[in-house]
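For reference, the structure discussed in these notes is given below.
Letters go in sequence order (proteins before strands), and every chain restarts at 1.
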Amino acid sequence: MKKYDFVKIEKHWQKEWEKDGTYVANDKSKKEKKYILIEFPYPSGEGLHMGHLRPYVAGDVYSRFLRMKGYEVMYPIGWDAFGLPAENFAIKKGIHPSISTAKNIANAKAQLKSWGMGFDWSREVNTTDPNYYKWTQWLFLKFFKAGLAYESKGLINWCPKDKTGLANEEVVNGCCERCGTTVEKKELRQWYLKITAYAEKLLEGLKTLEWENKIKIQQENWIGRSEGALIKFQITNDKSQTNSKFTNQNSELFIEVFTTRPDTLFGATYLVISPEHDAISNFQFLISNKEEVAKYVATTKNKSEEEQIENKEKTGVELKGIKAINPANNEEIPIFSADYVLSGYGTGAIMAVPAHDERDWDFANSVVSIETRESSAKYIRHVIEPKSYKDLISYHPYFYKIESGEKYEDVQDREAKNDFELLKHDKFCYPGEGMLVNSKQFNGLSVEEAKEKITEFVKGKKQIQYRLRDWVFSRQRYWGEPIPLIHCKKCGIVPVPEEELPVTLPDVKKYEPTGTGESPLATIESWVNTKCPKCGGQGKRETNTMPQWAGSSWYYLRYTDPKNEKEFAGKELLKQWLPVDVYFGGMEHTTLHLLYSRFWHEFLYDEKLVPTPEPYKRRIPHGIILGSDGEKMSKSRGNVANPDAIVNEFGADALRMYELFLGPHEATVSWNERGILGVSRFLDRIYGFILSTENEGTEDNEIKHVVHGTIKKIGEDIEEFKFNTAVSALMIFLNEIEAKKVNKETKNIFIKLLAPLVPHLAEELWHESGNKTSIHAEAWPTFDMALVEKNSFMLVVQVNGKVRDQIEVQKNITKEEAEKIAFASEKVKQHTAGKTPKNIIYVPGRILNIVV
RNA sequence: GCCGAGGUGGCGGAACUGGCAGACGCGCAGGACUCAAAAUCCUGUAAUCUUUUAGGUUGUGCGGGUUCAAGUCCCGCCCUCGGCACCA
């Protein structure tokens, strides 16, 4: 048997494909287009790893399959090359990031080629290329001119290690997404992109996409839409405590709260405002415990995000001397400031309804009762009564078990009596649905009805609120796109004129971030000082750079027309290729890149710069590959499987096929060093089988059925991204035909079925079989349904649900015929003898169950 | 706490719309080839019991239920992973 020399084969065909432009997408093709995309890699010094392999192989298999199915497929590649590692390397070694980046790209490119990736290299883009980032800057100016890029001073997330500001999306559990350092809050002047203006569009757009639900839900949650109302509470002085003659005749003096539960307004017994709320300074003249309040505000400022997460114990302080008036019942209620109310959400002020909100409940039972020296019961007023006992205990199962001494089983009894005794004891909080009580003329209404009516009654305003925050878009680092703006004392902020783009990164000697919130670019005076494009006077360049997400927010657009010098991409070509049909990528980008680029795209659609409202029609997420110990691959654990080492030992085809075989594409899987042997053996067997001439001859009838069944199965599996079962179907196929005589045609079909998964081996076998052109330009084999279905099947005969016999019968037999055959079986007779069948169920093509 | 996904042999995993649980592969055991080993090939491989060329029983996280039939559907729990996390 000839040996399968993958080293020689793979190198050889990789060169041939490159020479022939096998994977170059034709812009002028008459075929239907398919645009397949993977998240372009960051070219790091370590090279590409298993994490890259997974989506890339999936995209590669899928692209090759579609190409064979007759589509014009674009499967492009590029480099997301701005970012910290290159810059940190520059700080350490003094080598310009563009030099180390170029080196890393060359290396990663060689890796991708050695993996047999059928990328269209003619469309390669690089976000750090001035010809590319010229357009990133140009697009930024579009945002700026539309009023969606703005400068603002505020508390932002700051990574003390990377010494740069971060977007909300880049903070994971209070830590920097990149380096894991605990994030601090810092007051800084920053550039923002107004992504919140697109909150509704981002939500609406999701509905039109063929994405998996879990991704949609994650984005929905991140955007976090809630419907509620803005309600104003008049401010007055506390008559019991001060001698102030202040009476609030001025309707301007109020605190406005946002609530999703205006129906509980009669239960609002105090207000809480965030420590940053304006009211603290606005009502200074009335507040009698100014020092105490100032002290509290100061302590909350020093709390890190981490502390806040760890310590959920609520703290706060009463603003003495002032009161708010509940507009529903004109009651005077106290006002507190506490950091459980966030300044960035809603109005930064809430009405507290401890009887129906867990957080307010906690606060009432701790801070409020201590500060006011009153029993918390005073503040707990139930205004919603649960409809049933079940509603009630769904929020308090443990309470019932422990406090009341009742067993869970007694619930039904309680429910029958409709006994809400415990509710009246004010022993707990009920956040659920129900009917209004203690709410005067609104008593008896449902929660939904009351929301409307009470909002109206107190002249509140309906409001939709989002959790999404504007995108902090500036970074205080060197290796990023300069923000193309000029600060002029006379004209303000002036965009760099289009014809002067790109604003290129100047060479610097020190890349070190300053740590002061200024970018290293700020130290290069010759670069910073420039002319104002408007008045010609002295201007200073914006020295912040853009985040890494900028270049990746639109790269898929550039692929359609990567060399265009006049536009970011030509209209015709955008129309030709968009939208991306299938986008492979990880779940970790759901609320980062995937959200950001949708925002850019939707904006560009509104600006009539792109032809589709959404960029990515389908998104196929993948699970991560863990080490063989089931832990995340990491150098310190020593469980890293290196794709290049595996290519050297087993070949790219074995690597690819094994990766596909590991498990479902969307599942987390562990790499098992041994497992690849099975795939490697399989490839050897294929090689021997195809090249052998001894097994060629007249096929028996069974073969056709197997061949057509496999064509159907593999096609369906690839279409549904079920690569693991596609591999197993190929193995089953070889097991079925290996020992039999087959003809040349069957062998050719087998090679074609292999082609998307193991492109080198398939190409080699194709040529060894006497073909002169590439297998990857061949048409995908078709199947005949009549041959897939056999005209007989194994009838499973059960007696009382237990399998007793299997009999091969004609496909279209009737129930009566099936029964006749079944009862003739000795094995069946043994179990039915002397008994009369009560019922007989026949499922055509499958099963006959006799119940006795 | 909330949202999402999941729990199947020694291991990775398969199973259409409720219709033979464990495909395929790894590993393991036995055998062939070999002086020997590797490689390769063949056979077996959920557990358990019995009178073992065969047959019985149990079995898809746990406890119930629906059904002729449940990994799949319903009710109640447990556990693991991922996301969010005081968003009013």
Can you list the stems that RNA chain B is part of, where a stem is at least 3 pairs in a row, each Watson-Crick or G-U, with both distances below 3.5 Å?
B:1-7 with B:78-84, B:10-12 with B:24-26, B:27-32 with B:40-45, B:46-50 with B:54-58, B:61-65 with B:73-77

Using a 4.0 Å heavy-atom cut-off to protein, can you give one letter per nucleotide of nucleotides 40-52 of chain B, 5' to 3': B if the base is in contact, S if only the sugar-phosphate is, - if neither?
SS-----------

Going by the rule side-chain hydrogen bond (donor to acceptor under 3.5 Å, both in side chains), which residues pair with Y379(A) if we only count those two or more places apart in sequence or in a different chain?
T372(A)

Only counting residues at least two apart or in another chain, list the ones meeting side-chain hydrogen bond (donor to acceptor under 3.5 Å, both in side chains) with D805(A).
S825(A)

Can you give me the N/O atom pairs linking the protein to nucleotides 16-18 of chain B at distances under 3.5 Å, or say none if there are none?
from   : atom 1 : to      : atom 2 : distance (Å)
C16(B) : N3     : R846(A) : NH1    : 3.1
C16(B) : N3     : R846(A) : NH2    : 2.8
C16(B) : N4     : R846(A) : NH1    : 2.8

For nucleotides 6-10 of chain B, list the nitrogen or oxygen atoms of the protein found under 3.5 Å from its nitrogen or oxygen atoms, one pair per line.
none

From the list C86(B), C26(B), A14(B), which nucleotide is the closest neighbour of the side chain of K314(A)?
C86(B)

How does each nucleotide of nucleotides 65-70 of chain B score, in 5' to 3' order, for protein heavy atoms under 4.0 Å: base (B), sugar-phosphate only (S), or none (-)?
---B--

For T725(A), enumerate each residue passing the side-chain hydrogen bond (donor to acceptor under 3.5 Å, both in side chains) test, keeping only those at least two apart in sequence or located in another chain.
D717(A)

Check this for me, if you would: do K712(A) and E716(A) make a salt bridge, where the nitrogen-to-carboxylate-oxygen distance has to be below 4.0 angstrom?
yes

Side chain to side chain donor-acceptor pair (under 3.5 Å) contacts touching residues 727-737 of chain A (sequence neighbours left out):
R685(A)-N735(A)

For E227(A), what residues pass the side-chain hydrogen bond (donor to acceptor under 3.5 Å, both in side chains) criterion, not counting sequence neighbours?
R225(A)

For E720(A), the salt bridge (Lys or Arg N to Asp or Glu O under 4.0 Å) test, sequence neighbours excluded, returns K722(A)

Residues in salt bridge (Lys or Arg N to Asp or Glu O under 4.0 Å) with E220(A), at least two apart?
none

